[in-house]
Protein chains: 2
Amino acid sequence: MSRETSETKTRILQASLHLLELGGGKGVRMSDIAKRAGISRQAVYLHFPTRAALLVATTHYLDDLRGSEDRLAPSRAAKTGTERLDAFIEAWGSYIPEIHGIAKALMAMAETDIEAREAWSTRMQDMREGCEAAIKALVDDDVLTAEHSIEQATDILWTMLSIRTWEQLTRECGWSQALYLKKTKALARRVFIASL
Amino acid sequence: MSRETSETKTRILQASLHLLELGGGKGVRMSDIAKRAGISRQAVYLHFPTRAALLVATTHYLDDLRGSEDRLAPSRAAKTGTERLDAFIEAWGSYIPEIHGIAKALMAMAETDIEAREAWSTRMQDMREGCEAAIKALVDDDVLTAEHSIEQATDILWTMLSIRTWEQLTRECGWSQALYLKKTKALARRVFIASL
DNA sequence: TGATTACTTGACATAGTGTCAATTGACATG
DNA sequence: CATGTCAATTGACACTATGTCAAGTAATCA
């Protein structure tokens, strides 16, 4: 929306993003970000009122950079419900590693900070809409498993595709990104598609 | 193992457990615990060197209280693999709400503290063994879906039964505990059992 | 020349963990 | 009774990180 972003503001966002991506979201302090942006710690507060606000702004900055909307184009263009499900998992699942650092920081912050919690919640709600659209495409094709309502199926897909689930499978279980994508797609088909 | 737990130590653990269960793991401070145990904040450190150590000790205390081992008896006694899978989900899934508060605190601490991370990791690894046993029972009955190796099936079940997944479904999606159990069992059958 | 803007420096408040030293009260033992 | 020990108390302090405030500087614009 609002352009007119000052050069320094952008430098701060770049610094924030870089450190967050690098360190996997681990303890990135205001002073770290300031140092990398080449300004004093206090100057950061001239642009962002709190750490939470900076983290939130960083996610928006990342979205702008990576064009999160465009990623969903193939999903929306899919001909069949099954294809759409696959495409959505591919798109979101491939986006996760890129946003993981910042997501982790925001999730941690959300434990204590309301602003951060709401920002995170909104983002996840957006993602949920993608899940719902994919599920509805299955319903349109009349292939959704009978045992799930649309809402419950959406809940399940949303949970399968959560960042925490991705973390557990790739970090704790050591799955490669490719394996994660392949298995998640197969799992989703098995769970949601009736005609197997 | 080591008995000889002093009365005060026990009071601290009780206080810790109570506050953690109550507040859902939200910001329970050393001073809160001390106050509830009826001693000074500094006195807590006479019994537990760090907050992390206290949290870890609290989980062990909870296990002793609730007899986490006994819960798995029905699972181990199950006749068929499918029954075992159901019984394991029932046992662990019912345990989650009881440990959720302390688990959340420990998970949050694990982000920064090595001691906490290792303690948590060990507990989750224990749980994973239960998953593996359930999966192996399916293999023994020759009903495990062909597409999963034992290890991958274990990974998937482990993730399905993670605390994060429970949190998402019951907290974010508003599922009741009963619905969570029912759906999780159904999902596990659908994913792992071939002869459907 | 003077005002405005962006930034700097240094000091400070606050919150929470963890440490330390000096002290108190209870109880046990020679 | 004297002594020592143990558990706990109090108060002070170090440390880390966020966030605030005031005073000063340097560049730019009118």
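First the proteins, then the strands, lettered A, B, ... as listed; each starts at 1.
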Report task. Go through the structure and list residues passing side chain to side chain contact (heavy atoms under 4.5 Å, CB included) with P49(A), not counting sequence neighbours. Result -> A53(A)
Query raised in the report: By a strict heavy-atom criterion of less than 4.0 Å, which residues belonging to residues 10-17 of chain A are in contact with DNA chain C?
Result: none
Report task. Could you pull out all residues at least two apart from A188(A) that satisfy side chain to side chain contact (heavy atoms under 4.5 Å, CB included)? Result -> L85(A), I89(A), M160(A), F192(A)
Query raised in the report: Using a cut-off of 4.0 Å on non-hydrogen atoms, how would the nucleic acid contact of I39(B) be classed: base, sugar-phosphate, or nothing?
Result: sugar-phosphate
Query - Set of side-chain hydrogen bond (donor to acceptor under 3.5 Å, both in side chains) partners for E90(A), sequence neighbours left out - result: K185(A)
Requested in this report: For T184(A), enumerate each residue passing the side-chain hydrogen bond (donor to acceptor under 3.5 Å, both in side chains) test, keeping only those at least two apart in sequence or located in another chain.
Outcome: none
Show me the protein contacts with nucleotides 21-29 of chain C, counting only N or O atoms at under 3.5 Å.
none

Requested in this report: Could I get the full list of side-chain hydrogen bond (donor to acceptor under 3.5 Å, both in side chains) partners for W175(A), not counting sequence neighbours?
Outcome: D155(B)
**Report entry** T165(B): side chain to side chain contact (heavy atoms under 4.5 Å, CB included) partners, not counting sequence neighbours
**Finding:** T159(A), T165(A), S162(B), L169(B)
Query - Residue list, side-chain hydrogen bond (donor to acceptor under 3.5 Å, both in side chains) with D32(B), at least two apart or on another chain - result: R29(B)
With 3.5 Å as the limit, what N/O pairs link the protein to nucleotides 13-16 of chain C?
| unit_1 | atom_1 | unit_2 | atom_2 | d |
| --- | --- | --- | --- | --- |
| dG16(C) | OP1 | R29(B) | NH1 | 2.7 |
| dG16(C) | OP2 | R29(B) | NH1 | 3.3 |

Query raised in the report: Under the side chain to side chain contact (heavy atoms under 4.5 Å, CB included) test, which residues partner A119(A), sequence neighbours left out?
Result: V56(A)
Which atom pairs, one a donor and one an acceptor, fall under 3.5 Å between side chains of residues 70-83 of chain A and the rest of the protein, sequence neighbours left out?
| unit_1 | atom_1 | unit_2 | atom_2 | d |
| --- | --- | --- | --- | --- |
| R71(A) | NH2 | E98(A) | OE1 | 3.2 |
| R71(A) | NH2 | E98(A) | OE2 | 3.0 |
| T80(A) | OG1 | E83(A) | N | 3.0 |
| E83(A) | OE1 | K79(A) | N | 3.3 |

